[in-house]
Amino acid sequence: MSSEKNVRFVFDRRHTATADRTAALEYVVPMGTGRRRFLPSGFRLYAGEWDGTQVVGRPDAKKLNRLIDAARQRANKQIVSAINLGGKLTDADVDRIFGVDRIDRRRPELFFPWAREQNENRNVGRATKVRLALALDKLEKSRLVRTFDDLTPARMKRFDDWLRRENPARKDVTLRNCYHKPIQWLCGCAVAEELIDKNPYTVFRPRPGHTQPRNPLTAAELDLLRAAPLTGYLAKARDLFIFGAYTGLAYSDTQLVDESDVVERGGVRYIDTRRRKTGTRFLTPLLAPAAEVMARYGGRPPVLSNQRANTYLRQVARRVGIDKPLTTHVARHTFATTVALAHGVPIESLSRMLGHTNIRTTQIYARVLAQTVADDGARLAAQIQ
């Protein structure tokens with residue numbers, strides 16, 4: 001057989017593989033006149049597990065390479081037979097050799113069992129999985145989607161209309177973040193696995209709406225919170241808030257960080273790790289108030305569920321006399337505005353400290369700071385006549 005007809009493999013043709021998400025290893029079949037066909041091999045690998053010719057970097061690499069090589073030899077042998085019999089390789093030959101019809105029948109037609117399996121295997125926090133599960137429950141309840149063929153822009157628009165009819169009080173931002181964004185992620189996974197051709201959300205764009213204005217603590221309120229004589233779980237929740245307010249870590253990251261993530265550079269200690277939500281690496285200084293909290297709890301921040309922490313923080317706010325919503329996420333906003341920007345940290349550096357993937361996200365905090373300055377200036381002008 002001519003070498004130009006030899007089957008080879010290509011991995012991650014759509015560039016979707018990551019350390020947590022697999023992509024297909026595909027056959028590449030030359031059809032002549034420069035045309036090629038790509039066909040699924042049934043093997044899926046993570047990023048970095050294919051060096052261009054074989055599987056690497058995993059315990060079962062030898063076994064997989066034997067299976068892959070055997071599959072390639074079988075395909076080549078059948079191609080030789082097809083060419084000898086018909087004089088050339090046709091699409092019908094390729095369909096028969098690679099079982100295209102059988103592969104199509106193995107496609108998971110029902111969307112929801114596949115979607116829930118994706119959610120279960122996702123390497124994210126429990127809250128993210130719960131949010132996606134709730135979005136799937138709503139989509140299933142709407143009876144607008146059953147199979148992958150139902151994942152169309154028109155169906156997503158009808159789902160949006162159904163959500164608004166079910167609860168007219170829901171805001172645009174809630175619909176987008178709580179329901180559409182999780183399902184959009186699933187549709188992206190379906191595209192990556194070639195279960196659908198196009199993500200319906202590239203056409204249907206849910207209205208983004210407006211988030212509630214961020215209300216970080218002032219420096220005086222931070223001092224008041226730190227000095228409050230609290231005990232038990234109230235003290236634990238307060239300390240978790242203080243740690244977040246002086247590091248900028250999101251709640252999920254505060255529950256993972258410990259002394260092994262602390263490095264020293266130029267006499268300054270930093271937390272150097274990756275965000276659980278996005279995998280983005282960040283580097284933030286370990287300021288004295290946050291270091292005190294870590295020392296108090298044996299080299300790590302206090303461990304407390306987000307729900308319980310926020311419940312206790314509401315009690316803390318009432319007891320201390322802070323008339324603002326107090327949550328673990330407000331701590332992150334407080335770091336960005338009151339601790340960092342107010343002390344002259346450039347927005348580019350703040351973006352790195354917060355582990356943002358897009359500096360436009362960080363710029364939101366600059367607008368919050370500008371509004372805070374304007375409000376303080378107005379109060380000052382009213383007092384001084």
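Keep in mind that this is a model prediction, so the values were computed, not measured.
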Beyond-backbone contact of Asp253 with Thr273, side-chain heavy atoms, under 4.5 angstrom: no
Between Asp93 and Thr90, a side-chain donor and acceptor under 3.5 Å: yes
For residues 154-175, pull every pair meeting ring-ring contact (aromatic ring centres under 6.0 Å, His included), keeping only residues two or more places apart or in separate chains. Phe159-His180
Hey, could you give me the SG/CG distance between Cys189 and Leu195, rounded to the nearest 0.5 Å? 10.0 Å
Salt bridge (Lys or Arg N to Asp or Glu O under 4.0 Å) evaluation trace for Asp160 with Arg207: CA-CA 10 Å; Asp160 185 78; Arg207 296 199 296 264; 5.5 Å; no
With sequence neighbours left out, write down each residue that passes salt bridge (Lys or Arg N to Asp or Glu O under 4.0 Å) with Asp51, or none if nothing qualifies. none
Could you go step by step and tell me if Arg226 and Glu292 meet the salt bridge (Lys or Arg N to Asp or Glu O under 4.0 Å) rule? CA-CA 11 Å; Arg226 290 180 63 193; Glu292 291 171 6; 3.6 Å; yes
Measuring from Glu259:CD to Ile271:CD1, what's the distance to the nearest 0.5 Å? 11.0 Å
Within 45 degrees of the ring normal and closer than 6.0 Å to the centroid, is that where the cationic atom of Arg13 sits relative to Phe38? yes
Is it the case that one hydrophobic cluster holds both Val10 and Val191, taking links as side-chain heavy atoms less than 4.5 Å apart, direct or via other members? no
Nearest heavy-atom approach of Arg170 to Tyr179 is NH2-OH, 3.4 Å
Restricting to non-hydrogen atoms, name the atom on Phe282 and the atom on Arg274 that form the minimum distance, rounded to 0.1 Å. CE2-C, 3.8 Å
For the residue pair Thr18 / Asp20, report whether a side-chain donor-acceptor contact shorter than 3.5 Å exists. no
ring-ring contact (aromatic ring centres under 6.0 Å, His included) pairs, two or more places apart, involving residues 219-269: Tyr233-Tyr312
Assess the residue pair Thr338 and His333 against the criterion (side-chain contact (heavy atoms from CB on, under 4.5 Å)); give the C-alpha distance rounded to whole Å, side-chain angles, the decisive distance to 0.1 Å, and a yes or no. CA-CA 8 Å; Thr338 305; His333 299 326; over 6 Å; no
Step-by-step side-chain contact (heavy atoms from CB on, under 4.5 Å) determination, Leu249 to Arg332: CA-CA 6 Å; Leu249 269 68; Arg332 184 167 163 86; 5.6 Å; no
With clusters defined by side-chain heavy atoms of hydrophobic residues (ILVMFWY) lying less than 4.5 Å apart, directly or transitively, does Val262 cluster with Leu283? no
I'd like to check Trp114 versus Glu193 (side-chain heavy atoms, cut-off strictly below 4.5 Å). Are they in contact? yes
Quick one, Gln54 and Leu64 - any side-chain contact, counting heavy atoms below 4.5 Å? no
Residues Arg37, Asp95; criterion salt bridge (Lys or Arg N to Asp or Glu O under 4.0 Å); working and verdict: CA-CA 10 Å; Arg37 286 191 62 180; Asp95 290 346; 2.9 Å; yes
Salt bridge present between Asp161 and Arg165 (N-O < 4.0 angstrom): no
Answer whether the closest heavy-atom distance between the side chains of Asp172 and Pro208 falls below 4.5 Å. no
Does the salt bridge (Lys or Arg N to Asp or Glu O under 4.0 Å) test come out yes or no for Asp137 and Lys141, once each step is laid out? CA-CA 6 Å; Asp137 288 344; Lys141 184 179 177 182; over 6 Å; no
Does any non-hydrogen side-chain atom of Arg116 lie less than 4.5 Å from one of Leu136? yes
Does any donor atom in the side chain of Asn310 or Thr327 lie under 3.5 Å from an acceptor atom in the other side chain? no
Restricting to ring-ring contact (aromatic ring centres under 6.0 Å, His included), what partner residues turn up for Phe9, sequence neighbours left out? Tyr27
Does Trp185 belong to the same Ile/Leu/Val/Met/Phe/Trp/Tyr cluster as Leu139, with side-chain heavy atoms less than 4.5 Å apart forming each link? yes
Acceptor/donor pairs from residues 315-324 side chains to any protein atom, 3.5 angstrom cut, sequence neighbours excluded:
| unit_1 | atom_1 | unit_2 | atom_2 | d |
| --- | --- | --- | --- | --- |
| Lys324 | NZ | Pro216 | O | 2.8 |
| Lys324 | NZ | Glu221 | OE1 | 2.9 |

Partners of Asp150 by salt bridge (Lys or Arg N to Asp or Glu O under 4.0 Å), sequence neighbours excluded? Arg155
Is Arg146 paired with Glu140 through a side-chain N to carboxylate O contact shorter than 4.0 Å? no
Heavy-atom closest contact (Leu45 atom, Ala17 atom, distance): O-CB, 4.5 Å
Indicate yes or no: does Arg300 engage Asp258 in a salt bridge with an N to O separation below 4.0 Å. no
Restricting to non-hydrogen atoms, name the atom on Val330 and the atom on Pro325 that form the minimum distance, rounded to 0.1 Å. CG2-O, 3.6 Å
Can we say Arg58 and Glu49 salt-bridge, meaning some charged N sits less than 4.0 Å from an Asp/Glu carboxylate O? yes
